[in-house]
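Encoded as structure tokens, the structure appears first; notes follow it.
Numbering of ligands and ligand atoms starts at 1, following listing order.
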Amino acid sequence: MHRLTDSPFGATRTTIAADYALFAPDGNVVSPLSSWASTDGIILISPALAAAPRSPRFTQYVALTTGKSNSTGAPAGVQRFCYVLAGEISVDGAQLTAGGFCWLPPDVPHDIKGLGEGRVMVFEKPYAALPNTPPPTKILSSRSTTPTSAFLGDEAVQVALLLPAKPEFDMAMNIVHYQPGATLPFVETHVMEHGLVMLEGQGIYRLANDWFPVQTDDVIWMAAYCPQWFVAMGKEPASYLLYKDVHRHPLSP
Ligand code: UGY
Ligand code: MN
């Protein structure tokens, strides 16, 4: 279907590289979601992005919910984190609106229902259990009630940890909030990989040896060891929701 916003010259900011990917919304393709009923969505990050051993070990997708949407669980052994970008859903009967989020343990059925039109960013990852330690129980909360703290002493960059920083969790979900002109203090290079969605504002993201203008609703994958840096630009603050694998030995499968 032709859209009025289509570029007549075939241009897009979407870029897929060996150790990162930038998805601009103009390239998004909608398809029915598996593990959801009556729900279309956009699969962004998945293991199909890159060859092993650098392929993503998680998936990140948008569920386009309606009043008919329902999901009762991720595949076997897989944990799920949902962040409501717009609209409203219920999770086991509790309502989540924009900025609300939930973490759902593997292999415990849950009941997500769409309540009208909405957009939910979903992250799923096989859960790596610790010996003799059960997985955590589900979490429901919201961005507005999560405290923030200065990142490495810089008050202009505030970080909210949406999940407890405890060894039972093998994923972190953070919101990083930048005042205009604020930056990551150095070019990070680390063993953890990232999935990211821009929640507000705009800026420049350095990914490996490339620099990209990015804005609200862009999604980025950064492979392990992909050098990364960000500066917020414009007159409004910028923020992003960030997935990171944590708390497991680098030699564990
Ligand atoms: O926690 C992090 O690794 C974070 N500072 N990375 C990022 O924002 N790209
Ligand atoms: Mn990082």
Side-chain angles (χ1 to χ4, degrees), residues 13-24 44-45 49-50 53-60 79 81 83 85 99 101 103 121 123 125 128 143 146-234 236-250:
R13 290 180 297 110
T14 295
T15 305
I16 309 298
D19 52 0
Y20 67 81
L22 168 63
F23 298 91
L44 295 151
I45 300 172
L49 255 184
R54 307 213 82 189
S55 53
R57 299 181 297 271
F58 70 103
T59 185
Q60 178 177 337
Q79 64 194 307
F81 179 92
Y83 183 93
L85 296 169
F101 61 86
W103 179 86
M121 189 60 77
F123 299 78
K125 173 182 186 263
R143 174 184 184 174
T146 306
T148 68
S149 59
F151 184 59
L152 300 177
D154 183 356
E155 294 292 338
V157 182
Q158 293 285 323
V159 180
L161 306 185
L162 304 187
L163 298 178
K166 291 186 176 163
E168 303 90 280
F169 285 92
D170 66 354
M171 65 192 277
M173 293 299 314
N174 302 339
I175 293 178
V176 193
H177 187 270
Y178 296 78
Q179 292 303 322
T183 71
L184 276 179
F186 58 93
V187 181
E188 294 181 5
T189 306
H190 50 61
V191 66
M192 301 77 106
E193 61 176 343
H194 284 312
L196 176 159
V197 57
M198 290 291 298
L199 296 175
E200 289 137 6
Q202 61 192 43
I204 302 290
Y205 230 103
R206 175 184 171 155
L207 300 164
N209 289 327
D210 300 309
W211 282 257
F212 295 95
V214 295
Q215 62 187 12
T216 308
D217 290 334
D218 285 353
V219 164
I220 298 173
W221 167 62
M222 292 169 241
Y225 300 111
C226 176
Q228 58 202 251
W229 178 84
F230 179 69
V231 57
M233 298 185 72
E236 305 295 330
S239 68
Y240 50 74
L241 173 64
L242 187 72
Y243 158 87
K244 185 175 188 176
D245 52 307
V246 290
H247 293 146
R248 292 297 177 271
H249 193 281

Say whether [X] and ligand 1 are in contact under the criterion: heavy-atom distance to a ligand atom below 4.0 Å.
X      : value
His190 : yes
Tyr205 : yes
Phe151 : yes

Please identify each residue that fulfils side-chain contact (heavy atoms from CB on, under 4.5 Å) with Val159, with sequence neighbours left out.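 If we apply the side-chain contact (heavy atoms from CB on, under 4.5 Å) test to Val159, skipping adjacent residues, the hits are Phe151, Leu161, Asn174, Val176.
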
Can you list everything that forms a side-chain contact (heavy atoms from CB on, under 4.5 Å) with Thr216? Sequence neighbours excluded, please.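 So Thr216 forms no side-chain contact (heavy atoms from CB on, under 4.5 Å) with any residue.
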
Counting both backbone and side chain atoms, is some N or O of Asn174 under 3.5 Å from an N or O of ligand 1?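 In fact, backbone or side chain, Asn174 has no N or O that close.
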
Donor-acceptor pair, [X] side chain versus [Y] backbone, under 3.5 Å?
X      : Y      : value
Thr148 : Thr146 : no
His177 : Gln158 : no
Thr59  : Ile45  : yes

What is the closest protein heavy atom to [atom], and at what distance does it sit?
atom                   : answer
atom 6 (N) of ligand 1 : Glu188 OE1, 2.9 Å
atom 1 (O) of ligand 1 : Lys244 NZ, 2.8 Å
atom 8 (O) of ligand 1 : Tyr240 OH, 2.6 Å
atom 9 (N) of ligand 1 : Gln228 OE1, 2.8 Å

Are Tyr240 and Tyr205 an aromatic pair by the rule of ring centers under 6.0 Å? yes

Of the backbone atoms (N, CA, C, O) and the side-chain heavy atoms from C-beta on, which set of His194 has a member under 4.0 Å from an atom of ligand 1: side chain, backbone, both, or neither?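 Near ligand 1, His194 shows its side chain, while the N, CA, C and O stay back.
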
Ligand 1-proximal atoms of Leu242, by part, heavy-atom distance under 4.0 Å: side chain

Between Arg57 and Asp245, is there a side-chain N and carboxylate O pair less than 4.0 Å apart?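 Asp245 and Arg57: salt-bridged.
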
Salt-bridge test for Lys244 and Glu188: reply yes if a basic N is under 4.0 Å from a carboxylate O, no otherwise.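 Salt bridge between Lys244 and Glu188, a charged N being under 4.0 Å from a carboxylate O: no.
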
Protein N/O/S neighbour count - the Mn ion (ligand 2), strictly under 2.8 Å: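 There are 4 of them.
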
Would you name the heavy atoms of Trp221 and Ala17 that are closest together and state the gap between them? CZ3-O, 4.3 Å

Taking only residues two or more places apart in sequence, or in another chain, which ones meet Phe212 in a ring-ring contact (aromatic ring centres under 6.0 Å, His included)? Tyr20

So, His190 and Gln228: side-chain donor and acceptor under 3.5 Å apart, yes or no?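 On atom types as modelled, these side chains qualify, holding a pair under 3.5 Å.
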
